[in-house]
Asks: 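Before we start, here is the structure in question, set down as structure tokens.
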Amino acid sequence: MAMADVTVRGAGIFGLSIAWLCARHGAKVQVVDPFGAGAGSSGGLVGALAPHVPENWNPKKQFQLESLLMAEGFWEEVEATGGVSPGYGRTGRLQPINDERSLELARSREVSARELWKNEAEWTVCQADSLGPWVPPSATGFVIHDTLSARMHPRRACAALVSALAVMGVEVQQEAADQGKVVHAKGYAGLLELNENFGKTIGGGVKGQAALLRFHEGEVPQLYADGLHIIPHADGTLAIGSTSEREFDDGRATDGQLDDVIERARAAVPVLHGAEVIERWAGVRPRAKSRAPMLGAWPGRNGHYIANGGFKIGFGMAPKVAHVMADLLLEDMDSIPQGFRVEDNL
């Protein structure tokens, strides 16, 4: 076999997306993960591709905006190539507004969204009773409706990328020697390795617990209520998440904290009462010190690169991360924004 131009170590959302873009650009790619695709936090349930609020603009928010806007084309091409749906849909999001101060703030963000989102999407304050039955109760009678948010099923997205890569002649291998440029996209375990390598904490993990319910409401917006993401998936299930645990003993075990999440979701969206819980999930999400994705060359290790730290927004960031890393690997073109560089975490 021909020598690979790029070796991607890690088959989570960042690793698979980078491998896909590199292969689409004509590079010979190998993907290596001893545990298989989506074995870590990328194999979760929720899939909320939701934007930061449109104010106090910074490079992280701009990067995320660009990624969310390119997501539809990215996932359409993946599905068209591999024949597997990632469950993507730009269905928007509804958020209840529960007090007058929040209502005033939401209306000011209507104005800033028009400026910052450049009319590519809307953030509007609407009367809850004007939107039909799929609306969370709101103490003020108003909700925020944004048209930028999208949903996908994380596991199906990973499966879609694996299928598309296979069509391109790229399989996920359990073991293989480094060839060409090497991208380390190993999630939480990779951050722990980097901490050891650099002799300091540059990242860690935050455990999240989520649940999947059997509930089909059709093509309706996702909800964000009581700090929870409530995501109606295209396959007739609905995901609820998640906890955010900095301290944990077992990153894969669910417990009473998830019971609380489910009950809070049912209180926020009463129509969910009685819906069967068909899966409980827990995993550890990789969080870089900067809280932004950590991208770029590995300092002092020629030919090695890092793509890690997706944390809670990895799936939403993945299309743009893949483009930036493919440009760096294949064209030596560095467009990594301020705050995203490996050095920003050292």
Side-chain angles (χ1 to χ4, degrees), residues 44-58 60-61 64-65 67-69 71 88-117 119-153 208 210-211 213 215 217-234 238-244 260-273 275 311-317:
L45 304 173
V46 178
L49 312 187
H52 292 290
V53 294
E55 64 183 10
N56 300 323
W57 212 239
N58 58 37
K60 181 180 179 181
K61 291 185 178 184
Q64 186 199 41
L65 172 64
S67 191
L68 291 173
L69 291 174
Y88 176 86
R90 188 169 154 183
T91 51
R93 177 176 60 169
L94 300 175
Q95 304 175 65
I97 304 173
N98 290 323
D99 57 64
E100 291 301 320
R101 171 63 184 136
S102 297
L103 179 58
E104 179 184 349
L105 189 58
R107 284 177 166 152
S108 73
R109 288 168 176 167
E110 275 189 304
V111 177
S112 58
R114 286 194 290 272
E115 175 187 352
L116 296 169
W117 290 358
N119 295 317
E120 297 281 357
E122 295 180 350
W123 169 293
T124 55
V125 175
C126 308
Q127 287 190 306
D129 59 10
S130 70
L131 296 173
W134 181 247
V135 179
S138 168
T140 63
F142 290 91
V143 297
I144 299 162
H145 180 212
D146 84 73
T147 63
L148 181 56
S149 294
R151 58 99 170 101
M152 67 178 357
H153 195 300
L213 278 59
F215 186 88
E217 192 68 18
E219 290 290 299
V220 293
Q222 62 182 272
L223 307 179
Y224 185 72
D226 191 18
L228 301 175
H229 296 282
I230 301 167
I231 314 297
H233 284 308
L238 179 141
I240 299 168
S242 60
T243 64
S244 190
D260 179 63
V261 163
I262 295 168
E263 289 310 307
R264 285 166 51 205
R266 287 171 171 162
V269 187
V271 72
L272 298 180
H273 279 283
F311 193 28
K312 297 179 181 181
I313 56 175
F315 278 83
M317 291 287 209

Asks: Between Arg109 and Val53, is there a donor-acceptor pair closer than 3.5 Å when you use the side chain of the first and the backbone of the second?
Replies: no
Asks: For the side chain of Ser67 and the backbone of Gly316, is there at least one donor-acceptor N/O pair under 3.5 Å apart?
Replies: yes
Asks: Okay, side chain of Glu122, backbone of Ala113: is any donor-acceptor separation there less than 3.5 Å?
Replies: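 No: the side chain of Glu122 does not pair with the backbone of Ala113.
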Asks: Could you state the interatomic distance from CG (Asp226) to CZ (Arg264), rounded to the nearest 0.5 Å?
Replies: 4.5 Å
Asks: Tell me the closest heavy-atom pair linking Ala265 and Leu228, and the distance in Å.
Replies: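 In terms of heavy atoms, the two residues are closest at N-CD1, 3.6 Å.
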Asks: Using side-chain contact (heavy atoms from CB on, under 4.5 Å), reason through Ile313 and His52 one step at a time and then give a plain yes or no.
Replies: CA-CA 10 Å; Ile313 56 175; His52 292 290; 4.0 Å; yes
Asks: Strictly distance-based, threshold 3.5 Å: is any side-chain N or O of Lys61 a donor or acceptor partner for the main-chain N or O of Pro54?
Replies: no
Asks: Below 4.5 Å, heavy atoms only, C-beta onward: do Ile240 and Arg266 meet side chain to side chain?
Replies: no
Asks: Is there a side-chain contact between His229 and Ser242, using heavy atoms and a 4.5 Å cut-off?
Replies: no
Asks: Between Gln222 and Ala150, is there a donor-acceptor pair closer than 3.5 Å when you use the side chain of the first and the backbone of the second?
Replies: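 Side chain of Gln222 to backbone of Ala150, a donor-acceptor pair under 3.5 Å: yes, one is there.
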Asks: On a heavy-atom basis, which atom in Ala225 and which in Ala268 lie closest, and how many Å separate them?
Replies: CB-CB, 3.8 Å
Asks: Starting at OG1 of Thr91, measure out to CD1 of Ile231 and round the result to the nearest 0.5 Å.
Replies: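 Answer for the OG1-CD1 pair, Thr91 versus Ile231, is 7.5 Å.
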Asks: Flag the pair Arg107 and Glu110 as a salt bridge only when some basic side-chain nitrogen lies within less than 4.0 angstrom of an acidic carboxylate oxygen.
Replies: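 Answer for the salt bridge query: no.
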Asks: In Å and rounded to the nearest 0.5 Å, what is the CD to CD1 distance from Glu104 to Ile97?
Replies: 11.5 Å
Asks: Going by heavy atoms in the side chains, are Ser138 and Asn98 under 4.5 Å from each other?
Replies: yes
Asks: Hey, does the side chain of His145 reach the backbone of Thr124 with a donor-acceptor pair shorter than 3.5 angstrom?
Replies: no
Asks: To the closest 0.5 Å, what do you measure between CG (Leu105) and CZ (Arg101)?
Replies: 5.0 Å
Asks: Measuring only between side-chain heavy atoms, which start at C-beta, is Tyr88 closer than 4.5 Å to Leu49?
Replies: yes
Asks: What's the verdict on side-chain contact (heavy atoms from CB on, under 4.5 Å) for Ile144 and Tyr224, showing C-alpha distance, side-chain angles and the deciding distance?
Replies: CA-CA 10 Å; Ile144 299 162; Tyr224 185 72; over 6 Å; no
Asks: Do the side chain of Arg93 and the main chain of Pro221 share a donor and acceptor less than 3.5 angstrom apart?
Replies: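 Looks like no, no N/O pair under 3.5 Å.
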Asks: Under 4.5 Å between any side-chain heavy atoms of Leu65 and Leu148, yes or no?
Replies: yes
Asks: Checking Arg151 side chain against Pro232 main chain: does a donor-acceptor pair fall under 3.5 Å?
Replies: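 Yes: the side chain of Arg151 pairs with the backbone of Pro232.
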Asks: Taking all non-hydrogen atoms of both residues into account, name the closest pair between Pro136 and Leu223 and its distance.
Replies: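 It is CD-CD2, 3.8 Å.
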Asks: Give the ring-plane orientation class for Trp117 versus Trp123, where under 30° counts as parallel, over 60° as perpendicular and anything between as tilted.
Replies: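 Plane angle over 60°, so perpendicular.
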Asks: Which atoms form the tightest heavy-atom contact between Phe142 and Val125, and what is the distance?
Replies: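 Heavy atoms only, the tightest pair is CD2-CG1, 3.9 Å.
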Asks: Which heavy atom of Ala239 sits nearest a heavy atom of His233, and at what distance?
Replies: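 For Ala239 versus His233, the nearest heavy atoms are CB-NE2, 3.7 Å.
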Asks: With side chains defined as the heavy atoms from C-beta onward, is the minimum distance between Leu238 and Glu217 less than 4.5 Å?
Replies: no
Asks: What heavy-atom pair brings Ser244 and Lys312 nearest, and what distance separates the two atoms?
Replies: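 The pair with the smallest heavy-atom distance is OG-NZ, 3.4 Å.
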